[in-house]
Structure formats: C-alpha cells, structure tokens
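Taking it in order: structure first as structure tokens, then the write-up.
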Amino acid sequence: MAALTGQLDKVTYYNEESGFTVARLIREDREVSVTVVGPLMNPRPGDVLHLEGDWQQHPTFGRQFRVVSFKIGYPTTEKSIRNYLGSGHIKGIGPEMAARIVARFGRQTLAVIEDDIQRLRDVKGIGAKRLAQIEAAWTEHRDLREIMLFLQAHELPTGHAAKILSHYGQDAVAVLRSNPYRLADDIQGIGFKTADRMARQLDFDPAAPARVEAGLLHLLKESADEGHVYRPRSELEQHLTELLGVDANLMTAAVDRLVARRRLVVDRKSAASPARVYLAALHHCEVSVAGDLLRLRHAPSGQRPMDPARALAWVEPHLGLRLAALQRRAVEQSWHTSVMVITGGPGTGKTTIIRAILAIHDRGAVRIHLAAPTGRAAKRMAEATGHRATTIHRLLEYSFQKGGFQRNPDRPLSTDVLIVDEASMIDIRLMYHLLRAIPDGARLILVGDIDQLPSVGPGNVLRDVIASKCFPVVTLTEIYRQARTSEIIVNAHRINAGKMPPRENGRKDSDFFFIEREAPEQALETILHLVTERIPARFGLDPVRDIQVLSPMHRGVVGASNLNRALQTALNPSERQLTRGRDRLGLNDKVMQVRNNYDKDVYNGDIGRITRIETSPPALAVDFDGREVAYAAEELDEIVLAYAVSIHKSQGSEFAAVVVPLLTQHYILLQRNLLYTAVTRGRRLVVLVGTRKALALAVKNETPRLRCTALQERLRNPAGAGRF
C-alpha cells in the first residue's frame with residue numbers, strides 16, 4: 001500500500017455512523033492539495049493524518065487517494081500548528097488568534113496549551129473568560145483524540161471505531177477497558193471475536209466472567225443464524241470450552257448470571273430430559289407462538305356456518321374448474337377450522353384452492369387478507385389470485401419511526417380470514433409478531449411447500465406445526481394435467497422423491513436441461529455462455545431481468561461471489577461505478593437487498609437495478625419493481641450484486657429461467673431440499689450445469705440439517721405453551 005501524510009484542509013463529506021469521508025488534504029512533502037476518500041474517524045480540518053491506501057483514477061473526479069487505514073498525529077511546523085488551532089474546532093481560537101498564539105510560542109504552542117495553559121494570558125486578547133473557554137474546548141478535544149488513539153491502537157476497523165465513539169462518547173475508553181465484551185452487545189457489526197481480540201490486548205483474564213458470558217451469547221446467536229432456536233446444554237458446554245479454552249465448570253455460573261439478568265432461559269421437557277438453553281427473546285417467541293396457535297384453535301368462530309355442498313357446487317362453475325377430492329376437502333376445512341395447513345409441491349393445485357376459498361369467502365362478505373414473507377412472493381400471490389396481497393411486514397404495519405409492528409394484541413388486524421403463502425419461509429420471530437396480531441375468531445390458513453428449504457432465520461415453523469398433528473393438514477401430491485407437460489415440475493417431484501432426472505434432455509422444446517461439465521472453470525465458461533448468449537437467443541429472455549443464476553455456495557469458482565463478478569463484466573461493463581472492497585457497483589447493475597430495512601420498506605432478498613450513482617459523496621438509487629430507493633454511503637453494505645445469488649436467498653422468488661451450478665466441490669451443501677428449492681424457482685426454464693455425481697449426491701441426501709426447536713412439543717403439551 002502507498003503511504004501519505006498531510007494536514008486536513010477541508011472535509012467535503014463525513015458520515016458519523018460509518019466514518020466514510022471525502023476530504024482535501026495538504027500533502028506534507030509537496031504542500032499540494034489532494035482528495036482523500038475512505039473511512040476516517042471524526043475528521044477535522046487541521047488534523048495531521050498518516051494514511052495508508054492506494055491511488056486511484058476516478059473517471060469524473062480524477063486522481064484520489066483511497067484510505068485503507070490511518071493514524072492521527074500532531075502538527076509539528078508553525079504553519080501546520082496555526083492551521084490546526086485556527087480550524088474552528090477549538091472554541092475561543094479563530095484563525096487570527098491562532099496566528100497570535102503561534103507567533104508567541106512557536107513550535108512549542110501545543111506543549112504550552114497541554115502543560116501550562118495559563119501562559120496563554122500572555123497573548124493579547126485572551127482574558128480569563130476566553131481562557132476558560134479554550135481550556136474546556138481543549139480538554140474535550142483531547143478526550144476525543146484519546147478515544148480515537150485507543151481504538152486505533154487495538155486495531156478496530158475505522159467504521160466500527162466511529163460507531164463506538166458515537167455510542168459511548170467520552171466514556172468509551174473507560175467502558176472498553178472495564179469490559180470490552182460490551183462491544184459485541186452494543187455495536188452492530190462487531191462480534192465476539194473482535195471484542196475478544198481487544199480483551200486479549202488489554203490483558204483481560206481468559207476466565208473472566210464477562211468473557212464466559214459473552215462467549216455463551218455469541219454461540220447462541222451463531223446458532224440462531226444457523227436456524228436453531230435453542231441449544232442442548234451439553235453441546236453448548238462443549239462448544240464453549242472449544243471456543244474459550246477454559247474449564248467447562250465456568251459455564252454453570254455464567255448461565256445462572258445470564259438467567260438472573262433475563263438474557264437466557266433454561267428449560268427442559270422433564271426432569272430426566274436434557275436441559276435446553278435459549279436466548280430469552282427466542283424462548284419468548286417460541287412459547288408465545290405455541291400459545292397463540294392454540295388460542296386461535298380454541299377460539300369460537302364469529303362467522304356464520306356454510307353449506308359445503310352448495311358452496312362447492314357454486315364455486316366450480318364460477319371459476320370454470322373442477323376440484324379434486326383433496327382440494328374440495330381443503331376448501332371445506334377453510335370454513336370450519338381456525339388454523340389449517342395446505343402443503344404440496346409445484347403443480348399440485350395450491351393456488352387453485354386459494355382462488356376457490358377467496359371466491360366463496362368474498363361471496364359471504366368476509367374480510368380476507370393475503371400475505372407472504374417477501375415482496376416477490378406477495379406479488380406472485382396477487383398475480384395468481386387476482387386479489388391484493390402484501391408482505392407480512394406491511395400487513396402488520398411495521399414502522400421504523402414508531403419502533404416496531406403497529407399491529408399487535410392492542411391493535412389487532414381487522415380480518416376474518418388470513419391466508420399466508422410461502423409459509424416455509426416464516427421464522428419463529430416473524431410468526432410471533434404475526435400471530436399476536438390475529439384476533440380471536442379469525443381463521444389462519446398457512447400455505448407452503450414443506451419440502452423446500454426452511455426459513456433463513458431461526459425455527460422450522462411450518463414443519464413443526466404439521467408434525468404436531470394439532471391442526472388439519474391437507475397434503476397435495478398429485479400433479480395436475482396442465483402441469484404434467486412441464487419437465488421442471490415433473491423433475492422437481494422426481495428429485496423430491498429421491499429419483500434422478502432422466503439422463504437425456506428430452507424434447508427440443510423441453511424446459512429442463514442438464515449440461516455435464518467436470519471442471520469448475522468449464523462450468524463457469526458454460527454458465528457465462530448460457531446467460532449472455534444461448535438462453536436469450538433461443539428463448540427470447542433478457543439476460544439480466546429474466547435469468548437468475550442460483551449457486552449452492554458463495555465461495556469458489558462457481559460460487560455466487562465469483563459468478564457475480566464474471567457476469568457483471570460480461571453483462572454490464574459500466575464505467576460509472578462505486579468500489580466497495582473487492583466488488584464494484586455500477587449503473588444498471590442487478591443487485592439484491594441483504595437485510596430488512598423497514599425504514600425504506602425493502603427486505604432481505606428483494607432484487608432491483610441500480611438507476612443512479614453519485615460518487616462524491618458516494619450514493620446510489622435502486623429500482624425495486626418500479627419504486628426507486630435511495631442509499632447513502634453508509635448504507636451501501638445493504639446491497640450486493642445479484643446476477644448470481646445463493647439458493648437460500650432465492651426462497652419465495654420465481655424467475656423466468658434459472659441456471660444452477662452443481663459440482664462436487666459443493667458437497668457440504670448438496671442436499672435434496674436445496675436442489676428441489678432451486679429447481680422450483682424456475683418458471684419457463686431450468687438448466688443444471690455440473691456433474692452427474694454431484695446431482696446424485698444431492699438427490700440421495702434426504703437428511704435435512706436438523707434444527708433445535710421445541711415448538712412441536714409445546715403444541716402437543718396439554719398445558720399449552722407454558723414452560724416445560
């Protein structure tokens with residue numbers, strides 16, 4: 001990396017949360033002004049900075065120095081000291097007064113202010129009142145510098161350091177010296193490992209209670225990210241010992257302290273069963289979900305009875321269809337059951353059932369709502385049924401400003417029937433909020449494919465509800481005649497049954513293909529050719545809008561990250577770009593939102609196109625289905641390139657064509673439900689690229705990764721949702 005030292009002359013842009021800065025710096029070696037761009041911390045004109053980074057040529061703004069790391073120094077020349085004091089951040093000293101002070105004390109000025117500030121009375125214009133003002137400002141300035149130097153000394157990333165400074169203020173050093181593990185709790189983006197590194201540098205006792213507690217919380221949060229709602233105590237103890245390298249006996253006291261502070265909950269099914277350790281919030285969600293489902297099951301319906309025979313006799317000619325026996329049963333139960341589940345694969349008639357239920361309930365002037373976990377799923381639901389559908393977050397009126405979901409037990413939904421599609425995607429937290437807002441007497445119909453991947457978040461709600469056998473479940477297995485012509489649907493069901501797709505690619509007009517490629521580099525080359533030329537030419541599909549590459553992994557030659565860079569280069573070699581780490585975001589790039597942003601009303605998995613880019617300060621706008629959303633510099637980490645995405649991220653979405661690399665290097669993730677989910681994302685075309693061995697591994701591996709959840713047991717428990 002290149003090095004650069006100079007004095008800040010002007011700060012053009014600074015974001016307090018991320019530390020991102022655009023500024024002009026006067027080089028120490030040449031006394032010329034240059035533009036510096038990147039993460040700084042509390043930058044102020046007059047500060048002397050020692051920077052490391054690299055020089056880049058910006059297409060609009062010319063040569064810039066992109067900062068990777070920095071250190072703050074003190075000015076040493078009379079001119080730099082004068083600029084430093086006269087920059088305006090020391091109240092009581094302006095440019096003219098700075099010149100007088102430096103004329104009196106020269107290069108010793110800063111030492112005089114630090115060690116014997118009363119000597120400033122020797123300077124004309126500084127009386128007792130101004131001296132007190134200067135002394136207070138200097139003390140505050142010195143404290144801020146101390147915090148910044150402390151954070152730099154412990155190698156915290158600059159963006160994190162800015163957040164720490166903002167959160168703790170002048171108490172930051174004292175707080176972090178006493179318990180650096182607070183970082184993992186208080187500062188978004190800082191985890192246990194970063195806090196633990198700082199603690200080691202501070203010679204923190206490896207067996208300190210704060211370290212053991214932080215390690216426990218870290219392991220449980222990590223488990224939640226993997227889909228678990230709780231962890232068995234014995235497993236947790238083993239993992240904690242491996243993580244911390246301390247005696248397992250320390251865990252008992254740490255758990256007791258965290259339980260007393262209501263951070264953890266420990267419960268068990270019986271005295272003889274293993275103890276389960278929960279994050280308190282997840283335990284509350286699981287208990288509440290079970291309780292609310294049972295509440296709805298037992299609540300009397302406020303709706304008038306229906307004659308099933310008459311209703312079905314009316315709805316079939318009304319919709320111009322004939323329902324199969326299982327479909328008729330589902331429609332009947334929708335009127336008589338408070339909570340029910342409709343599950344089945346593609347082409348089995350789930351949408352037909354929803355349409356019939358809607359028609360019958362509409363005729364009865366019943367208030368009915370449709371919802372889905374993602375915007376794309378809600379849009380597909382609306383298109384398929386002709387009724388308005390919305391995301392669960394929007395249905396529950398999430399408000400960033402007001403802090404949370406506005407629909408709750410105090411202000412429940414005004415509905416008689418709620419139909420939720422893609423229910424396999426709902427995690428325990430979202431189900432908690434949804435059920436709290438459903439009033440007694442309303443009916444809940446969960447629709448989903450139990451064989452798809454479970455939710456990204458913790459829990460396995462749909463599977464647990466079905467397995468509990470507490471609620472009516474209609475399982476659709478028959479592929480209807482119009483769907484049998486699609487090899488996508490036929491092969492999806494074959495895969496789900498543990499059968500390999502046919503070796504031959506079938507008819508010329510087939511919608512399902514397998515292209516054998518042994519080496520990852522060959523697969524990458526084939527995927528690029530398919531997306532950029534072959535599929536658009538043969539099927540008339542837009543390579544960016546209509547074709548989606550779905551990868552089992554992020555890393556590797558055909559992982560999502562490398563595929564994105566290769567596809568971006570091939571499809572959108574835009575000159576107008578923003579650089580972020582190894583990646584670039586360009587005008588017209590296809591991008592995905594990777595975390596829920598309730599303030600912007602965009603959610604994890606939403607896909608859009610970049611419509612506007614600003615480079616100074618960095619900012620951009622993304623079009624999500626006709627709605628433009630703006631992103632400031634500190635929000636750019638919320639979006640990533642989306643020419644290729646992970647199969648997990650594709651849940652709830654449907655694309656005209658999907659291309660899936662399938663190689664043995666993916667063996668860790670080759671599971672039947674992963675492949676099944678990928679195949680069912682394609683509407684008009686599915687192309688698998690890889691080896692037969694990898695395909696066989698995925699088809700044969702029917703064992704899903706088990707998740708630690710207890711919802712099924714809580715539903716079966718006669719006492720309802722209480723603690724075990």
Given side chains that start at C-beta, do those of [X] and [Y] come closer than 4.5 Å, heavy atoms only?
X	Y	result
V473	I342	no
V558	S551	no
I527	P661	yes
L670	N701	no
V660	V689	no
T241	V246	no
L444	L435	yes
V341	L462	yes

Are the side chain of [X] and the backbone N or O of [Y] linked by a donor-acceptor pair below 3.5 Å?
X	Y	answer
H283	Y278	no
R494	M500	yes
N491	P501	no
T343	G448	yes
T680	T677	yes
K350	G345	yes
K649	G605	no
T337	V339	no
R463	I450	yes
R231	L220	no

Strictly by modelled atom types, are [X] and [Y] linked by a side-chain donor-acceptor pair under 3.5 Å?
X	Y	value
S650	R681	no
D464	T709	yes
D267	Y230	no
N597	E638	yes
Q452	N673	no
S468	Q712	no

Carboxylate-amine/guanidinium proximity below 4.0 Å for [X] and [Y]:
X	Y	result
R714	E286	yes
K379	D625	yes
E422	R380	yes

Can you tell me how far apart [atom1] ([X]) and [atom2] ([Y]) are? Round to the nearest 0.5 Å.
X	Y	atom1	atom2	result
Q238	L219	CD	CG	11.0 Å
L282	K221	CG	NZ	11.0 Å
K700	L695	NZ	CG	10.0 Å
L567	T532	CG	OG1	8.0 Å
L715	C470	CG	SG	5.0 Å
I515	H529	CD1	NE2	8.5 Å

Determine the sole option in V549, I547, L571 for which the side-chain contact (heavy atoms from CB on, under 4.5 Å) test with Y643 is passed.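 The residue from V549, I547, L571 that satisfies side-chain contact (heavy atoms from CB on, under 4.5 Å) with Y643 turns out to be L571.
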Aromatic F655 / basic R683 pairing, under 6.0 angstrom, 45° off normal: no
Honestly, is R297 close enough over F471, meaning NZ or CZ under 6.0 Å from the six-membered ring centre and within 45° of the axis? yes
Pairs touching residues 423-435 that satisfy side-chain hydrogen bond (donor to acceptor under 3.5 Å, both in side chains), sequence neighbours left out: H284-Y432, Y432-R436
